Trainee: 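Below is the structure I would like to discuss, written out as structure tokens.
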Amino acid sequence: SAVLPDNIGIIMDGWESPMHVHYYGVYACYPNEVDDKVSTKYMFLGMCISNKDSQGSWAAKEDLKTLLTRYGKDSKNVSFIISDHAPSMPCLVIMLSRELPLGETIPFLGCQSHRLDLVAKAIGSMFKKAIDAVSNINTFILDHKNYLNKYNNLANTNPQKRNKTR
């Protein structure tokens, strides 16, 4: 197994299958210094799978602790967690922070692209009628273009350039 430094960040992303099985991947990230250059190194720690009976913050915490233990780490080694905005993720961070000395917490960074998507959906919902109207106009235009193209192909009414008539 690979060796991780004492302080790591955790990046998690999850998704749900149509059969309500929850999957999430867990990565560690940490600074990597080579020849006076600092870069960020990412390492895949593992995949967690939970069914509808074992999902939620508590199960995610146990899965993460199991993965960290494989690499000789625990919640004291986690400097931050980046994840999507699933309701269980902030709760997971709170539960892990409870294992730290009093007053210490693990910072939680929500996914910015997910936040942007939520904002775009909220703004879009305010203009739903206008968006639907434009969508209907586009559908109408496309339908009529398709009919016109079919007619032009059948009737051969497209004008030809003079030099192509010889």
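All values derive from a computational prediction rather than experimental measurement. Just the heavy atoms: all of them, side chains too, but no hydrogens, waters or symmetry mates, feed the values below.
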Trainee: At their closest point, which heavy atom of Ser79 faces which heavy atom of Pro107, and how far apart are they?
Mentor: O-CD, 3.0 Å

Trainee: Going through the distances and angles, do Lys65 and Leu96 end up as a side-chain contact (heavy atoms from CB on, under 4.5 Å)?
Mentor: CA-CA 9 Å; Lys65 286 177 69 173; Leu96 285 173; 4.1 Å; yes

Trainee: So do the side chains of Lys73 and Val78 get within less than 4.5 Å of each other, counting heavy atoms only?
Mentor: no

Trainee: For Ile106, is there any backbone N or O sitting under 3.5 Å from a side-chain donor or acceptor partner on Ser97?
Mentor: yes

Trainee: Could you tell me the separation between the CD1 atom of Ile8 and the CG atom of Leu45, rounded to the nearest 0.5 Å?
Mentor: 6.0 Å

Trainee: Are the side chains of Cys29 and Phe80 in touch, meaning some heavy atoms are under 4.5 Å apart?
Mentor: yes

Trainee: Cluster question for you: counting only ILVMFWY and a side-chain heavy-atom cut-off of under 4.5 Å, with indirect links fine, are Leu100 and Leu68 together?
Mentor: yes

Trainee: Taking all atoms of both residues into account, what is the closest heavy-atom pair of Gly46 and Leu67, and its distance?
Mentor: CA-CD2, 4.0 Å

Trainee: What's the shortest heavy-atom distance between Asn7 and Tyr30, and which atoms?
Mentor: O-CB, 4.0 Å

Trainee: Compare every heavy atom of Tyr23 with every heavy atom of Ser17, then report the nearest pair and how far apart it is.
Mentor: CB-CE1, 3.9 Å

Trainee: For a quick test of reading the model, state the closest non-hydrogen atom pair linking Phe108 to Ser83 and the distance between them.
Mentor: CE1-CB, 3.8 Å

Trainee: Are Lys61 and Glu99 packed together at the side-chain level, in the sense that at least one heavy-atom pair is separated by less than 4.5 angstrom?
Mentor: yes

Trainee: Using the rule given for side-chain contact (heavy atoms from CB on, under 4.5 Å), can you reason through Leu64 versus Ile10, listing the C-alpha separation, both sets of side-chain angles and the distance that settles it, and then say yes or no?
Mentor: CA-CA 9 Å; Leu64 180 57; Ile10 296 294; 4.2 Å; yes

Trainee: Is there a path of hydrophobic side-chain contacts, each under 4.5 Å between heavy atoms of I/L/V/M/F/W/Y residues, joining Ile94 to Ile81?
Mentor: no

Trainee: Are there over 12 heavy-atom neighbours, none belonging to Tyr27, within less than 6.0 Å of that residue's OH?
Mentor: no

Trainee: Within the distance-only criterion (no hydrogens, no angle test), does the side chain of Asp132 pair as donor or acceptor with the backbone N or O of Lys129 below 3.5 angstrom?
Mentor: no

Trainee: Which value, rounded to the nearest 0.5 Å, describes the distance between Asp63 atom CG and Leu92 atom CG?
Mentor: 9.5 Å

